[in-house]
Number of protein chains: 2
Amino acid sequence: MARNSQDTKLRILKAANRLFYSDGIRAVSVDAIAEKAGITKKTLYYHFKSKDDLVAEYLMSRDQPNLDAMRKWFDEVDGSVAEKVYAIFDGVVQSSKHPNWRGCGFLRTAGELANMPGHPAIKAGAAHKKRFEGWLAEVFVEHELKNSSGLARQVVLLLDGSFAVMMVHHDSAYIEEAGLAAKQLVEASS
Amino acid sequence: MARNSQDTKLRILKAANRLFYSDGIRAVSVDAIAEKAGITKKTLYYHFKSKDDLVAEYLMSRDQPNLDAMRKWFDEVDGSVAEKVYAIFDGVVQSSKHPNWRGCGFLRTAGELANMPGHPAIKAGAAHKKRFEGWLAEVFVEHELKNSSGLARQVVLLLDGSFAVMMVHHDSAYIEEAGLAAKQLVEASS
DNA sequence: AAAAAGAAACTCACTGATGAGTATACAAAG
DNA sequence: CTTTGTATACTCATCAGTGAGTTTCTTTTT
């Protein structure tokens, strides 16, 4: 057991990540996270002020990785912007096949905490979604599309719609359909 | 206190509705619902087998009213199908201004119970969403649109996307943007 | 270079509150 | 006088958070 602060904190965050994403916020106890991280609850509270604080840090830790995944799917495909946008949805389709996939952790957390509008975790989710939308809008500007910011929003709506519908139907055909709609909208602005 | 089984059950369901929709499933205790309904917990358990059962009945009780609201918004507006579809999004925009509005209870519940895929509440949510999608597809067939079933899915994705994004941003401009996208997609299929 | 002091990282065992669900008893209505 | 509906008062598990003390690392003193 390394008596290393940074290392321990990361292990806690990793355990929180897995459990919160898999089971939801209120369904996961601080005890469960501590046990999964192989430490005691008191140690967890040494590194994090409260459960709410841990939830917020969990989401903040997902911001960059999620964004990177989206960018990667977009960049890796050759073709028109419309086709590259479709590739994002295709990437989500592939991810959704993994047995541990549970949709978008940001949205699920925001939904669970809908009665606490100012919760730092919701702010973290909002920041993440804004960053993604901003990146998309930028890309659309670079490719000289009409109405780039409105179009970015529409793509975001379709993507988050996919996540939402998947929570209910568990049928990736919906993500594909969203991808087709996004492609069509992008083409119409080209 | 009317010693009327049906009446009591309805009062419990109404209390559950308010609390579950407002605060989420796991955040609301059976005690809280019983108190709000003005009865004891034991009486609640006389009418409902378990909390899970109550959650499922809560969602089932929302199926018809929600559907009716959508249909009403669609029917009330004169104009093209595209404009009538836009009216649904406009109806959601208006609803979203109410201080008690918390998005779509079906989606929020499904998200919270994402780790229990077979939960009856999720099945109730799936059934509701399928009914709405089916109704839309029918309408599109009646209006002789191309690709009516795919189009219905795209509209559903945009609508549920609006609900999802609203949980994070609380900005009804997103719902309007989704409405515009839906209108555009419907027009392209006309 | 060794030892002492202090700070950082950690554990064990606990608190008080609240969770879902129940055993038992009693009241009303047919 | 039995069935249906309701209440009081409970069980036992689990929750977020803490009090008090222990171990390891770092820095200062001699």
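Since the structure is predicted, the reported quantities are computational estimates derived from the model, not experimental observations. By convention in this document, chain letters (A, B, ...) are assigned in the order of the sequence lines, proteins followed by strands, and residues within each chain are numbered from 1.
- One atom, CZ of B/Arg11, and another, C1' of D/dG5, lie 12 Å apart when rounded to the nearest Å.
- The interatomic distance linking B/Asp31 (CG) with D/dA7 (P) rounds to 14 Å, in whole Å.
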Review item, side-chain donor-acceptor pairs of residues 117-127 of chain B, under 3.5 Å, at least two apart:
from     : atom 1 : to       : atom 2 : distance (Å)
B/His119 : ND1    : B/Ala121 : N      : 2.9
B/His119 : NE2    : B/Asp52  : OD1    : 2.9

Do any side-chain atoms of residues 152-160 of chain A form donor-acceptor pairs under 3.5 angstrom with protein atoms, and if so which ones, sequence neighbours left out?
from     : atom 1 : to       : atom 2 : distance (Å)
A/Arg153 : NE     : A/Glu133 : OE2    : 3.0
A/Gln154 : NE2    : B/Glu177 : OE2    : 2.9
A/Asp160 : OD1    : A/Lys129 : NZ     : 2.9

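- Salt bridge absent: B/Asp68 and B/Lys72 never bring a charged side-chain N and a carboxylate O closer than 4.0 Å.
- The stretch residues 42-58 of chain A touches DNA chain C through A/Lys42, A/Thr43, A/Tyr46, A/His47, each having a heavy atom under 4.0 angstrom from the strand.
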When the side chains of residues 54-61 of chain B are checked against the rest of the protein, which donor-acceptor pairs come out under 3.5 Å, sequence neighbours left out?
from    : atom 1 : to      : atom 2 : distance (Å)
B/Ser61 : OG     : B/Tyr58 : O      : 2.7

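- Atom CD1 of B/Ile33 and atom P of C/dT18 are 16 Å apart (whole Å).
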Please list, one pair per line, the donor and acceptor atoms closer than 3.5 Å that link side chains of residues 179-190 of chain A to other protein atoms, with sequence neighbours excluded.
from     : atom 1 : to       : atom 2 : distance (Å)
A/Ser190 : OG     : A/Val186 : O      : 3.0

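- Side-chain atoms of B/Lys41 stay outside donor-acceptor range of the base of D/dA7, with no qualifying N/O pair under 3.5 Å.
- Spacing between atom CD1 of A/Ile39 and atom P of C/dC12 amounts to 12 Å, rounded to whole angstrom units.
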Considering only distance and modelled atom types, tabulate donor-acceptor pairs under 3.5 Å from the side chains of residues 137-149 of chain A, sequence neighbours left out.
from     : atom 1 : to       : atom 2 : distance (Å)
A/His143 : ND1    : A/Val139 : O      : 2.9
A/Asn147 : OD1    : A/Gly150 : N      : 3.3

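- Among residues two or more places apart in sequence or in another chain, the side chain to side chain contact (heavy atoms under 4.5 Å, CB included) test is passed with A/Arg26 by A/Glu112, A/Leu113, A/Asn115, A/Met116, B/Arg26, B/Ala27.
- Residues from residues 16-29 of chain B that place a heavy atom under 4.0 Å from any atom of DNA chain C, listed by number: B/Val28, B/Ser29.
- For the pair B/Leu10 CG and D/dG5 C1', the computed distance is 16 Å after rounding to whole Å.
- Listed by first then second residue, pairs satisfying ring pair (Phe, Tyr, Trp, His ring centres under 6.0 Å) with a partner in residues 167-190 of chain A read A/His169-A/Tyr174, not counting sequence neighbours.
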